[in-house]
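Both counts, for ligands and for their atoms, begin at 1 and track the order of listing.
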Amino acid sequence: MSLPKKVRIVEVGPRDGLQNEKGVVPTKIKIELIERLADCGLAAIEATAFVSPKWVPQMADHSEVLKGIRRKPGVAYAVLAPNLKGLDSARAAGAEEVAIFPAATESFSQKNLNCSIAESLERFGAVARAARAAGLRVRGYLSCALGCPFEGEVAPARVAELAAALDAMGCYEVSLADTIGVATPRKTQAMLEACARRVPIERLAGHYHDTYGQALANLYASLELGVAVFDASVAGLGGCPYAPGATGNVATEDVVYLLNGLGIETGVDLARLAQTGLWISAAIGREPATRVGRALSSKSKCSAA
Ligand code: HMG
Ligand code: MG
């Protein structure tokens with residue numbers, strides 16, 4: 001199969017990237033990050049999470065963030081909603097899109113959501129129904145689609161069954177997450193092939209954390225099967241507070257560089273994105289986890305010298 005001509009990148013840095021930061025990131029930095037990312041040409045940005053501040057204190061300013069951003073026409077600003085309470089607060093802050101996020105293993109579901117998979121599907125089903133009835137778009141994530149920090153291997157058939165459940169709830173897309181970044185390309189393809197038997201490949205997305213440095217290879221393997229939507233995080237920020245040892249998502253800069261090289265359109269200005277990655281890394285006192293961002297930065301320092 002030929003590779004897609006165009007890829008939609010869902011920038012998850014402001015949410016998945018920042019949620020795990022120990023020090024509180026000031027609300028105005030979060031807002032500036034989202035606005036800068038939109039100015040780079042990213043048309044889908046996950047802005048924050050309306051989760052319990054007891055569980056993820058970093059996202060406690062969710063309403064201020066969502067209300068505070070200058071929204072750019074044509075950009076979708078999604079937020080996580082774990083329950084109806086989160087959905088209500090998200091709507092009150094002006095959300096137009098929410099994401100629901102069950103897991104493929106019982107242990108991770110308990111750790112991340114404090115309930116079983118079946119309970120989470122009931123809860124998320126209610127969120128999806130209410131959100132859609134109110135005219136919001138709903139995206140689905142499936143955590144641990146390629147491995148679990150507590151249970152290890154996860155059967156592709158189980159992942160496919162849960163992806164189909166999210167599709168049946170009316171999610172316009174199901175993003176399959178390698179939460180702990182353990183997958184390799186053939187394994188990724190086996191999982192995607194199982195899912196594509198239940199949900200059209202056009203409605204599947206890849207959400208690959210880069211813990212073992214395999215995310216770009218897995219992304220390419222997904223492109224080969226026709227997947228054309230990928231989640232990524234500027235400067236490779238992030239990790240899940242309930243997935244021990246997991247690092248950030250694949251860096252958006254690295255994804256754009258790869259796709260540019262393949263002649264696949266993304267609409268993203270790589271130079272501007274790399275500057276944004278350096279800026280947010282400096283703002284939160286981190287080394288940027290993007291090889292492309294670092295390479296572009298040292299190249300521009302050399303040419304300026
Ligand atoms: P619980 O403790 O079972 O819920 O948590 P509860 O209903 O008993 O509520 C406990 C307290 O939280 C109460 O406050 C609620 O009011 C409050 P209290 O009465 O004690 O003062 N509360 C809320 N406050 C604000 N907004 C809300 C909300 N809900 C309850 N929406 C719950 C259950 C689902 C809430 C909790 O487990 C939770 O928030 N989990 C989310 C954890 C999380 O955000 N994890 C990271 C994001 S997921 C991720 O990173 C994976 C992903 O990237 C894909 C991948 O890579 O795998 C998407
Ligand atoms: Mg994630």
More than 12 heavy atoms of other groups within 6.0 Å of [X] [atom1]:
X    : atom1 : answer
R291 : CZ    : no
R91  : CZ    : no
R8   : CZ    : yes

Closest non-hydrogen atom pair, [X] against [Y]:
X    : Y    : result
A104 : V154 : CB-CG1, 4.0 Å
A38  : I45  : N-CD1, 3.5 Å
V234 : T252 : N-OG1, 3.0 Å

Is there a polar contact, in the sense of an N or O pair closer than 3.5 Å, between [X] and ligand 1?
X    : answer
H209 : yes
Y141 : no
F50  : yes
H62  : no

Within-shell test, R123 vs ligand 1, heavy atom, strictly < 4.0 Å: yes
Donor + acceptor pair across side chains of S233, D16 (<3.5 Å): no
Y208 and S222 side chains, donor-acceptor separation under 3.5 Å: yes
Applying a 4.0 Å heavy-atom criterion (strictly less than), which segment of [X] is in contact with ligand 1: side chain, backbone, both, or neither?
X    : result
L80  : side chain
V51  : both
N83  : side chain
R139 : neither

Under 4.0 Å from a heavy atom of [X]: give me the atoms of ligand 1 that qualify, with their elements.
X    : value
S143 : 51 (C), 54 (C), 55 (C), 57 (O)
N114 : 1 (P), 2 (O), 3 (O)
P82  : 31 (N), 34 (C)
N112 : 37 (O), 40 (N), 41 (C), 42 (C), 43 (C), 45 (N), 46 (C), 48 (S)
P53  : 24 (N), 25 (C)
L113 : 33 (C), 34 (C), 37 (O)
G86  : 31 (N)

Among [options], which residue places a heavy atom closest to [atom]?
atom                    : options               : result
atom 20 (O) of ligand 1 : M59, Q58, K54, Q110   : K54
atom 5 (O) of ligand 1  : Y242, F108, F101, W55 : W55
atom 16 (O) of ligand 1 : H207, K85, K111       : K85
atom 11 (C) of ligand 1 : A177, A49, S52        : S52

Within the structure provided, determine whether [X] and [Y] are in side-chain contact (heavy-atom separation under 4.5 Å).
X    : Y    : answer
V79  : F50  : yes
I29  : I280 : yes
L273 : D269 : no
V227 : L219 : no

Single-linkage hydrophobic cluster, 4.5 Å side-chain cutoff, Y172 and V98 together: no
Same apolar cluster: V65 and L37, side chain cutoff 4.5 Å: yes
Counterpart residues, ring pair (Phe, Tyr, Trp, His ring centres under 6.0 Å), relative to Y141 (two or more places apart): H207
F150 six-ring face occupied by K111 cation (under 6.0 Å, within 45°): yes
Cut-off under 2.8 Å, centre the Mg ion (ligand 2), protein N/O/S atoms: D16 OD2, H207 NE2, H209 NE2
